[in-house]
Amino acid sequence: MKSTNHCDFGQDSAPLDVEAALQLLLGKARPIVGNESVSTFDVRNRVLAEPLTSPVDLPYWDNSAMDGYAVNTSDLTANRGRLQVTQRIPAGGCGQPLAPGTAARIFTGAPTPKGADAVVVQEVCQRDGDWVILPLQIKPGANIRRQGEDVRAGDVVINAGTRLNPAHLGLAASVGSERLLVRRRLKVAIFASGDELIMPGEALKPGQIYNSNRFFYHALLDALGCEVIDLGIVADRLQATADALHRAAARADLILASGGVSVGEEDHVRPAMQREGSLELWRIAMRPGKPLAFGHIDAKPFIGSPGNPVSMFVTFCLFVRPFILRMQGVDSDLLPLILPARAAFDWPARAKRREYQRARLTTHADGTCMVQIFPSPSSAAITSLTWANGIVVIPEGRTIAIGDPVDFIPFSELTT
Ligand code: AMP
Ligand code: MG
């Protein structure tokens with residue numbers, strides 16, 4: 001790690017590589033304190049605060065995996081496969097112990113009766129009034145799901161620090177959890193810096209553009225289960241920026257801003273942070289998204305992204321997202337999964353900085369995953385984000401030829 005660069009306000013020193021910047025940033029993320037009990041219906045994307053221990057076995061009892069006949073396999077040979085059907089056990093029912101020489105008509109999910117050691121699927125059986133004729137070669141244990149084979153009462157089924165996805169919700173419900181103790185929501189204040197910005201719905205005057213970053217922020221933060229405190233658009237003036245930062249710090253756990261972090265004289269986020277709080281500005285050896293501002297204002301962390309929407313989006317996905325996850329108390333999977341794929345493009349000139357190109361992964365009939373990049377490498381092309389289904393990483397110093405192995409990060413790993 002190049003520690004001499006981490007307080008880089010100048011233009012001249014060497015930029016940090018992505019890993020070093022990420023490590024610096026994550027080293028400064030402090031998990032918030034405070035939990036709340038929330039209905040299992042509503043905990044998607046929240047972070048579990050205590051381990052979830054199952055009070056029950058799963059399955060709860062031995063049960064049938066098929067519609068068919070519950071038997072004792074030793075009876076089959078003794079009765080040459082012909083058994084009397086003396087009971088019927090649907091799901092939700094509960095049978096009697098199986099008397100010797102008998103079978104129970106049984107349905108998927110129903111408890112297997114005491115004495116039964118297999119279920120024979122109905123398709124291979126022949127019903128004859130109250131009797132059934134079954135094949136002789138049935139293995140003990142066939143088509144029975146055993147009590148506790150998935151979960152034992154007392155097992156931890158979800159660890160604390162897990163970000164809860166739909167599968168976790170289903171599991172929690174299946175062990176009977178009506179509510180879960182989760183971390184409170186992270187409060188994130190956002191603003192967009194720039195005199196040129198107006199909101200959709202307003203008429204554009206010359207020189208103005210719509211504030212798209214606000215929409216990125218809301219959607220990305222919503223997916224992370226954050227509470228958004230929206231301070232709107234802040235004018236390109238030092239005092240207005242300083243006031244917005246203090247207002248944000250008074251209400252939020254984390255402050256995010258887009259724009260105004262470069263070193264131009266119309267960039268006021270950087271000087272406002274320097275004057276009112278503390279600021280570390282990192283130049284990161286990546287494209288898009290070179291400057292990333294990090295600091296504290298009134299003891300609250302602040303991350304400022306470049307204003308260019310594509311840069312803002314990419315820096316959010318790569319840096320802000322893991323920072324938020326760590327502040328939320330997430331213990332694992334902070335970083336996205338990277339898929340190995342093959343380039344369907346050429347990158348003939350050596351990349352000076354690491355390139356995060358907007359890319360589309362497609363799977364071909366022979367099973368290879370090929371990645372195309374958006375035709376224009378310009379980071380101003382916002383349609384590149386809707387065309388793409390992820391990002392391809394082009395390492396610094398590398399050229400790429402068609403067919404070369406490349407790393408692909410799906411948006412599903414970055415925006416959910
Ligand atoms: P800045 O980082 O403030 O120098 O802005 C870089 C570029 O991004 C400029 O072209 C800005 O007009 C544009 N930009 C800044 N903020 C936003 C925003 N919230 N929405 C859309 N474009 C923006
Ligand atoms: Mg600006």
Side-chain angles (χ1 to χ4, degrees), residues 8-11 15 21 188-222 226 228-245 247-248 252 254-275 279-295 302-321 353 356 358 374 376-388 415:
D8 171 22
F9 303 113
Q11 297 259 54
V188 182
I190 57 164
F191 66 88
S193 158
D195 279 344
E196 72 278 35
L197 303 174
I198 61 163
M199 288 301 291
E202 297 175 40
L204 278 176
K205 295 201 197 83
Q208 294 185 323
I209 62 167
Y210 290 119
N211 175 6
S212 44
N213 292 348
R214 184 182 192 183
F215 292 80
F216 281 136
Y217 271 142
H218 272 269
L220 291 164
L221 291 168
D222 201 51
C226 299
V228 180
I229 299 165
D230 190 341
L231 301 182
I233 296 164
V234 174
D236 280 327
R237 284 196 308 282
L238 187 61
Q239 195 53 48
T241 309
D243 291 347
L245 287 167
R247 267 188 292 134
L254 168 68
I255 303 146
L256 302 177
S258 77
V261 295
S262 306
V263 289
E265 61 212 55
E266 289 299 339
D267 292 315
H268 295 291
V269 173
R270 190 183 51 82
M273 279 299 295
Q274 255 171 308
R275 194 182 80 179
L279 178 70
E280 296 171 39
L281 178 69
W282 300 312
R283 291 195 307 131
I284 303 174
M286 64 182 277
R287 217 167 69 113
K290 188 154 77 167
L292 186 76
F294 176 79
F302 165 86
I303 306 177
S305 298
N308 174 315
V310 174
S311 309
M312 177 265 155
F313 184 87
V314 171
T315 47
F316 186 100
C317 292
L318 297 180
F319 296 101
V320 179
R321 184 178 186 276
R353 296 181 265 157
Y356 289 92
R358 279 72 63 213
F374 191 66
S376 155
S378 163
S379 58
I382 197 165
T383 53
S384 66
L385 292 174
T386 51
W387 172 86
T415 63

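Because the structure is predicted, anything quoted here is derived from the model rather than measured. Just follow the structure's listing: the first ligand is 1, and inside any ligand the first atom is 1. No hydrogens, no waters, no symmetry mates; every other heavy atom, side chains included, goes into these values.
- Distances between N or O atoms of N213 and those of ligand 1 include at least one value under 3.5 Å.
- Between the CG atom of L292 and the CD1 atom of I303 there is a distance of 6.5 Å, given to the nearest 0.5 Å.
- Residue G307 has at least one N or O atom closer than 3.5 Å to an N or O atom of ligand 1.
- From the protein, the heavy atom lying nearest to atom 7 (C) of ligand 1 is N308 N, 3.7 Å.
- Distances from atom 3 (O) of ligand 1 to the protein include at least one heavy-atom value under 4.0 Å.
- With rounding to the nearest 0.5 Å, the separation of CZ in F294 from CG in L281 is 12.5 Å.
- When non-hydrogen atoms are compared, ligand 1 lies under 4.0 Å from the side chain of E196 (C-beta onward) but not from its backbone.
- Any N or O atom pair closer than 3.5 Å counts here, and N211 shares at least one such pair with ligand 1.
- Ligand-side atoms of ligand 1 in range of D267: 3 (O), 4 (O), range being under 4.0 angstrom from any heavy atom.
- The shortest side-chain heavy-atom distance between I198 and Y210 falls under the 4.5 Å cut-off.
- Atom CG in D230 sits 4.0 Å away from atom CZ in R214 (nearest 0.5 Å).
- Counting protein heavy atoms only, atom 22 (N) of ligand 1 is closest to I209 CD1, 3.3 Å.
- Ligand-side atoms of ligand 1 in range of Y210: 20 (N), 21 (C), range being under 4.0 angstrom from any heavy atom.
- F191 is listed as a side-chain neighbour of L245, based on a closest heavy-atom distance under 4.5 Å.
- No part of V261 comes within 4.0 Å of ligand 1, judged by heavy-atom distances.
- Of all protein heavy atoms, the one closest to atom 1 (P) of ligand 1 is G260 N, 3.8 Å.
- At a heavy-atom cutoff of 4.0 Å, ligand 1 is contacted by both the backbone and the side chain of S212.
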Just list the side-chain donor-acceptor pairs under 3.5 Å for residues 309-321, sequence neighbours left out, or say none.
from: T315; atom 1: OG1; to: S305; atom 2: OG; distance (Å): 3.4
from: T315; atom 1: OG1; to: S311; atom 2: O; distance (Å): 2.7
from: T315; atom 1: OG1; to: M312; atom 2: O; distance (Å): 3.1
from: R321; atom 1: NE; to: L414; atom 2: O; distance (Å): 3.2
from: R321; atom 1: NH1; to: E413; atom 2: O; distance (Å): 3.4
from: R321; atom 1: NH2; to: T416; atom 2: O; distance (Å): 2.7

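- With rounding to the nearest 0.5 Å, the separation of CG in N211 from OH in Y217 is 10.0 Å.
- In this structure, the side-chain contact (heavy atoms from CB on, under 4.5 Å) partners of I209, at least two apart in sequence or on a different chain, are E196, L197.
- In this structure, P309 has a heavy atom closer than 4.0 Å to ligand 1.
- Counting the atoms of ligand 1 from 1 in the order shown, those under 4.0 Å from a heavy atom of A192 are 19 (N).
- Tested against L256 for a side-chain contact (heavy atoms from CB on, under 4.5 Å), the candidates V228, N213, L220, V188 yield a single pass: V188.
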